[in-house]
**Q** 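Below: one structure in structure tokens.
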Amino acid sequence: MTNTPLLAGIELGGTKAMALLACGDTIIDSLRLPTTSPGSTLAALESWLAAAADRHGAFAALGIASFGPLGLHPGRPGHGCITTTPKPGWSHTDVLHRFAARFGVPTGFDTDVNAAALAEGRWGAARNASVHIYLTIGTGVGAGIVVDGRPVHGLLHPEIGHIRIRRRPGDDFPGACPFHHDCAEGLISGPALALRTGTNATRLPAGDPVWPGYVADLAELLTTLMLTVSPDCILIGGGVGLGQQHLLPALRVAVEARLGNYLPDALPLLRAELIRAPLLGENAGPLGAIALAADALAGP
Ligand code: ADP
Ligand code: ZN
């Protein structure tokens, strides 16, 4: 017998969605499906959760980790919704209240990256951190920040993927972000790599000539993050992050160079493991939803 409650999670991504049941970090059952229209995707997740509860027993709470931008402030317009997204059909979709009303259990709601950061803090690579960042580099670039066990919100939520990156001299790559061109997402996302190299990023070997410049750009972002929130660790996930871990040692060196002999006290940790890979791999997002459920159950 265990006292660990059965919890439910939903990870809503731009291309795929997942529903799961878990006890702690043990996933008991799950469903994966492509993200299509809000009506059909949310209905499919809802009916799978209802059927899964029939099979495994009632779940005590639900957590929803979603692509954003999201309304996270109770009492403000748009709370519980995906607000204005370029993803067709999804702007102003209420996600939180729909599921909370359907299942009647405490329901947590946060960005997919904040949730993944929570999961890495609870069960993964950031277990001893008081401040940590989970950076995902895939189709987009995003990051969650957790301080003392709580994801950072504020006015909206961090949008680290759209921080501007200082241009390398001579680099005139137009950038892949439709809003800012040469923000982090515009310069270091998977699609940016594909645009720059003319090949799918998954096919780029460790020795490809694109990487030194890529390391320089990503190191600009990592240095900004280090100087802004003073994280104990920064985990780099997502398809590019997980698939190109040979970049990690070069990134540590490049960040140290950008600090320019400033913050000598940070150097031993920076040289060792301040910047590292996540531990939960593809489960960071789904388990993040479970962490949100656990927090919703625990209350404020
Ligand atoms: P998504 O962001 O859509 O949820 P991923 O995190 O897998 O999914 O990111 C997909 C992006 O990452 C694509 O642009 C893909 O080309 C790139 N990518 C996936 N695997 C690798 C890899 N091993 N090396 C470099 N880029 C990769
Ligand atoms: Zn941008």
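We number each residue from 1, following the sequence as shown. All of these numbers come straight from a predicted model, not from anything done at the bench.
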**Q** Would you say the side chain of Leu33 lies within less than 4.5 Å of the side chain of Leu31, judging by non-hydrogen atoms?
**A**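 They are in side-chain contact.
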**Q** Do any N or O atoms from the side chain of Glu185 and from the backbone of Val141 form a donor-acceptor pair under 3.5 angstrom?
**A**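 Judged by distance alone, yes, a pair lies under 3.5 Å.
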**Q** Just how far is it from atom CG of Leu62 to atom CG of Leu292, taken to the nearest 0.5 Å?
**A**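 So the CG of Leu62 and the CG of Leu292 are separated by 9.5 Å.
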**Q** Taking the side chain as every heavy atom from C-beta outward, state whether Leu70 and His79 have any pair of such atoms under 4.5 Å apart.
**A**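 Of all side-chain heavy-atom pairs linking His79 with Leu70, none is under 4.5 Å.
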**Q** Does any N or O in the side chain of Ser189 come within less than 3.5 Å of the main-chain N or O of Leu187, such that one atom is a donor and the other an acceptor?
**A**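 Not confirmed, Ser189 side chain does not pair with Leu187 backbone.
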**Q** Using modelled atom types and a 3.5 Å cut-off, is there a donor and acceptor pairing between side-chain atoms of Thr41 and backbone atoms of Pro38?
**A**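 Side chain of Thr41 to backbone of Pro38, a donor-acceptor pair under 3.5 Å: no, none is there.
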**Q** Using side-chain heavy atoms (C-beta onward) and a distance below 4.5 Å, is Pro69 in contact with Glu159?
**A**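 Contact flag for Pro69/Glu159 side chains = yes.
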**Q** Under a 4.5 Å cut-off applied to non-hydrogen side-chain atoms, are Val146 and Val131 in contact?
**A**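 No, their side chains stay 4.5 Å or more apart.
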**Q** Any non-hydrogen side-chain atom of Leu204 less than 4.5 Å from a side-chain atom of Thr199?
**A**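 In short, these two side chains touch, coming nearer than 4.5 Å.
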**Q** Do Leu297 and Val105 come close enough that some side-chain heavy atom pair is under 4.5 Å?
**A**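 They are not in side-chain contact.
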**Q** List the atom of Trp123, the atom of Leu287, and the distance in Å for their closest heavy-atom pair.
**A**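 In terms of heavy atoms, the two residues are closest at CZ3-O, 3.4 Å.
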**Q** Inspect the surroundings of CD in Gln245 and state if more than 12 heavy atoms from other residues, nucleotides or ligands are less than 6.0 Å away.
**A**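 Count over threshold, so yes.
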**Q** Under the side chain to side chain contact (heavy atoms under 4.5 Å, CB included) criterion, do Arg164 and His181 qualify, and how do the steps go?
**A** CA-CA 9 Å; Arg164 285 298 204 305; His181 309 293; over 6 Å; no
**Q** If you apply the rule side chain to side chain contact (heavy atoms under 4.5 Å, CB included), what do you find for Glu256 with Arg271, and how did you get there?
**A** CA-CA 8 Å; Glu256 181 171 342; Arg271 287 173 186 157; 2.6 Å; yes
**Q** Working to the nearest 0.5 angstrom, can you tell me the gap between Leu49 CG and Arg102 CZ?
**A**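 These two atoms lie 9.0 Å from each other.
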**Q** Only counting residues at least two apart or in another chain, list the ones meeting ring-ring contact (aromatic ring centres under 6.0 Å, His included) with His180.
**A**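 If we apply the ring-ring contact (aromatic ring centres under 6.0 Å, His included) test to His180, skipping adjacent residues, the hits are His162.
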**Q** Are Phe103 and Leu6 co-members of a hydrophobic cluster defined by side-chain heavy atoms under 4.5 Å apart?
**A**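 As far as the 4.5 Å side-chain criterion goes, Phe103 and Leu6 are connected within one cluster.
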**Q** Please determine if Glu46 and Arg98 form a salt bridge, counting it only when a charged side-chain N lies under 4.0 Å from a carboxylate O.
**A**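 Salt bridge present between Glu46 and Arg98.
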**Q** With a sphere of 6.0 Å drawn around CG of Asp54, does it hold more than 12 non-hydrogen atoms of other residues, nucleotides or ligands?
**A**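 For Asp54, atom CG is crowded (more than 12 foreign heavy atoms under 6.0 Å).
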**Q** Report the distance from atom OG1 of Thr26 to atom CG of Leu20, rounding to the nearest 0.5 Å.
**A**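 It is 11.5 Å, given to the nearest 0.5 Å.
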**Q** Is Arg196 salt-bridged to Asp171, cutoff N-O under 4.0 Å?
**A**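 Answer for the salt bridge query: yes.
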**Q** Just do the side chain to side chain contact (heavy atoms under 4.5 Å, CB included) check on His56 and Ile28 with the steps written out, would you?
**A** CA-CA 9 Å; His56 299 284; Ile28 286 165; 3.7 Å; yes
**Q** Output the distance between atom CZ (Arg32) and atom OG1 (Thr35), rounded to the nearest 0.5 Å.
**A**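 The CZ atom of Arg32 sits 10.5 Å away from the OG1 atom of Thr35.
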**Q** Using every non-hydrogen atom in the two residues, find where Leu259 and Met226 come nearest and quote the distance to one decimal.
**A**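 Closest pair (atom of Leu259, atom of Met226, distance): CD1-CE, 4.0 Å.
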**Q** Could you tell me which non-hydrogen atom of Leu45 sits nearest to which non-hydrogen atom of Ala17, and how far apart they are?
**A**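 Heavy atoms of Leu45 and Ala17 come nearest at CD1-CB, 4.2 Å.
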**Q** Has the side chain of Ser91 got a donor or acceptor atom that lies under 3.5 Å from a matching backbone atom of Thr85?
**A**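 Indeed, once roles are kept as given, a pair shorter than 3.5 Å links the two residues.
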**Q** Report the C-alpha distance between Ile145 and Val113 in whole Å, list the side-chain angles of each, state the deciding distance to 0.1 Å, and finish with yes or no for side chain to side chain contact (heavy atoms under 4.5 Å, CB included).
**A** CA-CA 8 Å; Ile145 305 175; Val113 281; over 6 Å; no
**Q** Got Arg122 and Asp25 here, is their nearest side-chain heavy-atom distance under 4.5 Å?
**A**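 SC-SC contact between Arg122 and Asp25 ruled out.
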**Q** Would you confirm whether the ring centroid of Phe99 sits within less than 6.0 angstrom of the ring centroid of Phe109?
**A**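 No - the distance between ring centres of Phe109 and Phe99 does not fall below the 6.0 Å cut-off.
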**Q** Ignoring hydrogens, what is the shortest heavy-atom contact between Ala201 and Gln244? Give both atom names and the distance.
**A**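 Scanning both residues, the minimum pair turns out to be O-NE2, 3.9 Å.
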**Q** Are any side-chain N or O atoms of Arg258 and backbone N or O atoms of Ala219, one a donor and one an acceptor, separated by less than 3.5 Å?
**A**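 Not a single qualifying donor-acceptor pair exists.
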**Q** Checking side-chain polar atoms at under 3.5 Å, does Thr197 have a donor or acceptor matched by the opposite partner on Asp208?
**A**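 Asp208 and Thr197 do not have a side-chain donor-acceptor pair below 3.5 Å.
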**Q** Using a distance-only test with no angle check, is there a side-chain donor-acceptor pair under 3.5 angstrom linking Ser40 and Thr36?
**A**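 Side chains of Ser40 and Thr36: pair found under 3.5 Å.
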**Q** Measuring from His73:NE2 to Leu156:CG, what's the distance to the nearest 0.5 Å?
**A**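 It is 7.5 Å, given to the nearest 0.5 Å.
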**Q** Going from CZ on Arg150 to CG on Asp148, what distance comes out if it is rounded to the nearest 0.5 angstrom?
**A**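 Interatomic distance, Arg150 CZ to Asp148 CG, rounded to 0.5 Å: 10.0 Å.
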**Q** Minimum heavy-atom separation for Ala176 to Leu195, with atom names?
**A**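 Where Ala176 meets Leu195 most closely, the heavy atoms are CB-CD1, 3.9 Å.
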**Q** Under a 4.5 Å side-chain heavy-atom rule over Ile, Leu, Val, Met, Phe, Trp and Tyr, are Ile188 and Ile163 clustered together?
**A**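 In one cluster with Ile188: Ile163, yes.
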**Q** Is a side-chain donor-acceptor pair under 3.5 Å present for His157 with Asn114?
**A**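 Looking only at side-chain atoms, His157 and Asn114 do not form any donor-acceptor pair under 3.5 Å.
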**Q** Side-chain donor-acceptor pair under 3.5 Å between Asp110 and His153, yes or no?
**A**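 Yes, side-chain donor-acceptor contact under 3.5 Å.
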**Q** Does the Glu120 side chain pair with the main chain of Leu280, one donor and one acceptor, at a distance under 3.5 Å?
**A**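 Pair found, side chain donor or acceptor close to backbone of Leu280.
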**Q** Linking I/L/V/M/F/W/Y whenever their side-chain heavy atoms sit closer than 4.5 Å, directly or via other members, would Leu247 and Leu193 fall into one cluster?
**A**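 Looking at the clustering, Leu193 is in the same group as Leu247.
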**Q** Arg167 and salt bridge (charged side-chain N to carboxylate O under 4.0 Å, His left out): which single residue from Asp182, Asp217, Asp172 fits?
**A**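 The salt bridge (charged side-chain N to carboxylate O under 4.0 Å, His left out) with Arg167 is passed solely by Asp182 among Asp182, Asp217, Asp172.
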**Q** According to a hydrophobic-cluster definition based on side-chain heavy atoms being under 4.5 Å apart (Ile, Leu, Val, Met, Phe, Trp, Tyr only), do Ile165 and Ile234 belong together?
**A**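 Linked, Ile165 and Ile234 end up in one cluster.
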**Q** In sequence, state the C-alpha distance, the side-chain angles, and the governing distance for Ser66 and Asp112, and then conclude on side-chain hydrogen bond (donor to acceptor under 3.5 Å, both in side chains).
**A** CA-CA 5 Å; Ser66 176; Asp112 43 8; over 6 Å; no
**Q** Got a sec: does the CZ of Arg168 have more than 12 other heavy atoms crowding it under 6.0 Å?
**A**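 Atom CZ in Arg168 is crowded, with more than 12 foreign heavy atoms closer than 6.0 Å.
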**Q** State, to 0.1 Å, how close Tyr134 and Ala284 come at their nearest heavy-atom pair, and which atoms those are.
**A**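 Tyr134 and Ala284 have their closest heavy atoms at OH-CB, 4.0 Å.
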**Q** Are Leu267 and Val229 connected into the same hydrophobic cluster when the rule is that any two of I, L, V, M, F, W, Y join if their side-chain heavy atoms are below 4.5 Å apart?
**A**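 Hydrophobic grouping puts Val229 with Leu267.
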**Q** Run the ring-ring contact (aromatic ring centres under 6.0 Å, His included) test against His246 and tell me which residues pass, sequence neighbours left out.
**A**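 Applying ring-ring contact (aromatic ring centres under 6.0 Å, His included) to His246 gives Trp211.
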**Q** Compare all side-chain heavy atoms of Leu12 with those of Trp90 and state whether any distance is below 4.5 angstrom.
**A**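 Yes; the side chains approach each other to less than 4.5 Å.
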